[in-house]
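Here it is: the structure, laid out below.
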Amino acid sequence: VRRQRQMCIRDSYEAIKEGTPRSEVLEKFGEPDSGLSGFFGDIYNCGDQVVVIYYEVDYGSDAATVSKVTITKRQSPNG
């Protein structure tokens with residue numbers, strides 16, 4: 001399942017819009033690989049990319065809405 005998610009994630013994550021409820025994100029992409037500390041957000045790993053989804057302040061609630069999505073290239077462990 002994780003491999004399949006990694007193959008389709010790039011285009012799908014780019015389609016997440018501000019205001020989308022977290023419950024919809026979880027339904028579409030499943031549980032995140034990890035979360036943020038200090039901000040409310042979810043982290044998904046996708047091959048050589050990391051997707052971070054930030055939510056409005058309603059911390060921990062599946063009703064919280066997306067405020068920002070960032071997709072960045074993972075840095076190699078060798079620098």
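Everything numeric here is computed off the predicted structure, so don't read it as measured data.
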> Is the backbone of Asp42 close enough, under 3.5 Å, to the side chain of Tyr55 for a donor and an acceptor to pair up by distance?
Replying inline: no
> If you look at every heavy atom in Phe40 and Arg22, which pair is closest and at what distance?
Replying inline: CZ-CD, 3.5 Å
> Taking C-beta and beyond as the side chain, do Val52 and Phe39 meet within less than 4.5 Å on heavy atoms?
Replying inline: no
> Which residues pass the salt bridge (Lys or Arg N to Asp or Glu O under 4.0 Å) test with Lys17, sequence neighbours left out?
Replying inline: none
> What are the two closest heavy atoms between Val69 and Tyr13, and how far apart are they?
Replying inline: CG1-O, 4.0 Å
> Between atom CD1 of Ile16 and atom CD1 of Ile71, what is the distance when rounded to the nearest 0.5 Å?
Replying inline: 7.5 Å
>> Nearest 0.5 Å, please: how far is NZ in Lys28 from OG in Ser23?
In response: 13.5 Å
> Can you name the closest pair of heavy atoms from Pro32 and Ile43 and give their distance?
Replying inline: CB-O, 3.5 Å
